[in-house]
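The sequence lines fix the lettering, A, B, ..., with proteins before strands; numbering per chain opens at 1.
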Amino acid sequence: MAEYTHLEKIRLQKIEELRAEGIEPYPTRAERSHTSREAIVALEAAESGAPEGQPAGEVKATLAGRIRATRAMGKLTFAHIEDGEGKIQLFLRINELGQEQVDFFNKMFDLGDFVQASGVMMRTRTGEPTLQVHSFRLLSKAVSPLPADKDETLENGTVLRHAALEDPELRARQRYADLAVNPDVRETFRKRAAIIKSIRNFLDDNGFLEVETPILQPLYGGAAARPFTTHHNELDQDMYLRISFELYLKRLLVGNLERVYEIGRDFRNEGVSFKHNPEFTQLEFYWAYADYLQVMDLTEQMVGHICDTVFGTRKFTFDKDENTRYELDFSSPWKRIQMRQGILDTSGIDIADHPTAESLFKAIVDKHPDQKPDPGAARGKLIDFLVGEFLEPTLIQPTFLYDYPRDISPLAKSIPGDPLTVERFEGYAAGFELCNAFTELNDPLDQEQRFIEMGRDYTDDEEEKHPMDDDYLRAMRYGMPPNGGFGMGVDRLTMLLTNKRSIREVLLFPALRNEE
RNA sequence: GGGCGCGUAGCUCAAUGGCAGAGCAGCGGCCUUUUAAGCCGUUUGUUGAGGGUUCGAUCCCCUCCGCGCUCACCA
């Protein structure tokens with residue numbers, strides 16, 4: 001049973017009074033002839049002069065929206081309502097409505113209520129497009145007041161928001177209220193939708209087939225992450241929520257689907273941070289007869305396409321923190337840095353001189369006594385450490401970092417003649433990882449060996465071990481075409497392109513702890 | 001999980017070891033072109049929860065809950 005606040009009790013009382021007067025506060029149907037924007041456009045069209053010198057016609061409109069501000073002045077009232085496209089002013093006057101109706105509006109209508117208003121478009125003394133209301137009705141009564149805010153328009157035209165809903169917890173927990181009062185939040189999620197649509201259009205136009213693979217899997221794989229575990233009662237079988245799409249999508253290449261992609265949710269039972277949410281949206285594609293260099297080219301084209309179609313520019317501002325602003329340019333080509341060279345340039349260590357973990361560990365602590373790599377780490381993990389400490393922070397402009405150590409890339413194909421290195425790249429921008437791709441391993445015997453190594457050597461953490469996927473190996477044994485694969489976090493791309501510092505700003509309902 | 005910080009009215013925020021405040025919102029008035037409308041009056045609190053110290057705690061201490069930053073973790 002809800003506990004009502006003082007403000008809510010007053011509104012509940014109004015609902016009763018309305019019903020007592022025979023007015024339904026939640027009518028079943030609504031009418032609307034124009035959105036706020038359409039009404040303003042129609043007014044401007046009428047003002048700009050009817051064709052062939054006809055007098056400007058009267059613009060009649062029925063609008064619907066939520067009351068966001070009211071200014072009652074006795075015999076007349078101004079209000080702003082907001083719909084999906086913006087705000088528009090209502091003008092209620094006794095001349096058209098009579099004193100009783102104006103008083104009724106002022107007494108019974110509150111901020112947050114949805115209303116429908118019919119009338120004629122006009123301009124006020126200050127020139128603001130306004131609906132002169134001839135009739136109005138309640139569409140939906142709000143019991144709880146929206147988090148109050150007020151917009152002040154300064155003389156230079158900028159809008160200053162007062163008492164806006166800012167608490168990040170409240171905004172995430174009550175996203176509905178956040179969306180209702182913060183138009184920029186709505187805009188972010190429109191952008192996000194447009195980004196995903198743009199990805200689909202690009203891949204569809206390049207001959208890729210969109211597919212759906214299991215989220216609920218008997219075995220997880222394709223990434224190094226702890227899974228969520230669940231149970232199917234009827235089958236009496238433990239199941240996992242997928243941590244990647246990779247192994248299922250590559251099964252499809254075995255089945256002669258040559259270009260496939262999936263956009264969907266991955267689940268990783270890991271920590272939560274400004275760039276990690278337990279569930280996140282991933283894009284993966286696999287492209288038969290291509291290698292990682294071709295995938296690199298396609299990545300540039302795809303991200304460029306997103307920039308062009310959604311934003312109309314390839315230049316973006318990203319505020320890393322209060323004091324750090326990056327101007328990013330996603331124009332082709334991106335910088336390309338070979339990992340060995342990049343590590344040498346930033347840390348002074350040539351990993352090619354150190355083919356064993358022991359040797360590399362010694363080189364790191366000799367050269368950088370302040371650094372604390374894990375003494376028990378495998379060579380690949382130490383290389384990863386060097387990248388994270390020295391190289392990654394320098395990758396501000398969009399950059400492909402390529403040629404990765406084999407032992408942290410169990411699904412990627414080795415470079416011919418270099419058994420320690422695989423054909424793999426990651427795309428970086430603003431210092432963080434955006435995407436990950438490689439020439440996919442298609443040798444079933446090599447793959448089996450990698451699974452064994454991963455289960456045995458890669459980690460002591462039982463949870464992180466790569467489980468052997470026998471069905472995947474069975475698929476590979478039928479023959480898999482050489483191919484290039486790609487994965488990208490859609491949330492992180494959206495963060496970069498919309499200048500949001502936290503993944504929670506681009507997720508409608510981010511994971512939060514239960515409220516008490 | 002570790003460290004640091006925050007939690008006060010519907011929203012944004014003050015304040016103090018001694019009656020808990022402002023603006024907005026709300027409620028009652030006045031006001032026929034306002035726009036953070038204005039003017040007069042006025043209501044609203046388990047100060048995140050629990051415990052302790054104290055004559056007295058919103059403030060000091062402890063525990064817990066939630067959030068933020070950060071480190072760890074996170075191909």
Side-chain angles (χ1 to χ4, degrees), chain A residues 4-11 13-14 68-80 87 89-96 99 102 107 110-112 122-128 130 132 142-154 159-173 177 181 222-226 243-244 246 268-278 280 321-322 372 374 380-381 383-384 387-388 404-405 407-412 422 424 426 433 435-438 454 458-459 461 463-464 466 487 489 501-502 504 512-516:
Chain A
Y4 291 110
T5 65
H6 176 65
L7 299 182
E8 288 166 338
K9 285 173 184 164
I10 290 167
R11 292 181 179 213
Q13 181 64 34
K14 289 180 184 178
R68 294 304 313 281
T70 58
R71 292 174 294 281
M73 303 180 63
K75 294 189 169 53
L76 57 94
T77 290
F78 290 95
H80 273 97
K87 291 182 184 172
Q89 183 166 255
L90 303 184
F91 179 43
L92 296 86
R93 206 166 58 148
I94 61 167
N95 307 43
E96 289 77 33
Q99 188 69 57
V102 173
K107 182 168 185 296
D110 290 296
L111 300 185
M122 57 166 277
R123 282 189 191 271
T124 59
R125 202 166 275 173
T126 56
E128 178 166 350
T130 298
Q132 186 176 77
V143 174
S144 303
L146 283 172
D149 69 341
K150 284 205 165 190
D151 288 349
E152 178 182 10
T153 306
L154 301 177
V159 175
L160 185 62
R161 312 206 67 207
H162 297 274
L165 177 64
E166 283 172 343
D167 177 39
E169 178 179 359
L170 206 58
R171 288 187 45 230
R173 273 192 203 287
V181 301
R226 278 177 292 179
I243 59 172
S244 87
E246 174 149 5
R268 297 186 183 178
N269 209 337
E270 311 276 0
V272 176
S273 79
F274 73 94
K275 56 178 175 176
H276 296 89
N277 195 64
F280 61 98
D321 56 52
E322 299 283 324
K372 303 252 183 299
D374 175 6
K381 279 282 192 182
I383 293 172
D384 209 32
V387 170
Y404 275 63
D407 60 346
I408 56 169
S409 312
L411 300 163
V422 294
R424 170 179 172 186
E426 291 192 357
E433 179 196 334
C435 60
N436 181 22
F438 28 88
M454 295 306 287
Y458 179 59
T459 173
D461 184 351
E463 299 271 3
E464 245 186 57
H466 244 78
R501 248 177 279 168
S502 168
R504 291 189 169 180
L512 293 169
R513 282 183 210 277
N514 280 332
E515 289 179 90
E516 267 185 277

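A residue-by-residue look at A:L170 and A:K275 shows that A:L170 has its nearest nucleotide of RNA chain B further toward the 5' end. Ranked by how close their nearest RNA chain B nucleotide is to the 5' end, A:N436 and A:S502 are led by A:S502.
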Next on the checklist: Counting primed atoms plus P, OP1 and OP2 as sugar-phosphate and everything else as base, spell out the protein contacts along nucleotides 27-34 of chain B at 4.0 Å heavy-atom distance: B, S or - for each nucleotide, 5' to 3'.
Outcome noted: S---BBBB
Item to check | Contact letters for nucleotides 1-9 of chain B, in which S counts primed atoms plus P, OP1 and OP2 and B counts the base, heavy atoms under 4.0 Å | outcome: ---------
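In this structure, B:G5 and B:C67 make a Watson-Crick or G-U wobble pair, each of the two defining distances being under 3.5 angstrom. In this entry B:G26 has B:U42 as its Watson-Crick or G-U wobble partner, both defining distances falling under 3.5 Å. The base-pairing partner of B:G21, taking Watson-Crick or G-U wobble contacts with both distances under 3.5 Å, is B:C13. Using N1 to N3 plus N6-O4 or O6-N4 for Watson-Crick, or N1-O2 and O6-N3 for G-U wobble, each under 3.5 Å, B:C60 pairs with B:G52. Pairing partner, B:U32: none, since no Watson-Crick or wobble contact has both distances short of 3.5 Å.
A:R71 places no side-chain N or O within donor-acceptor distance of the main-chain N or O of A:F78, the cut-off being under 3.5 Å.
Counting any heavy atom pair closer than 4.0 Å across all strands shown, A:F438 reaches a base atom.
Taking atom C1' in both B:A22 and B:U70, one finds a spacing of 34 Å when rounded to whole Å.
Distance from the side chain of A:R226 is smallest for B:C73 among the nucleotides B:C67, B:C73, B:U70.
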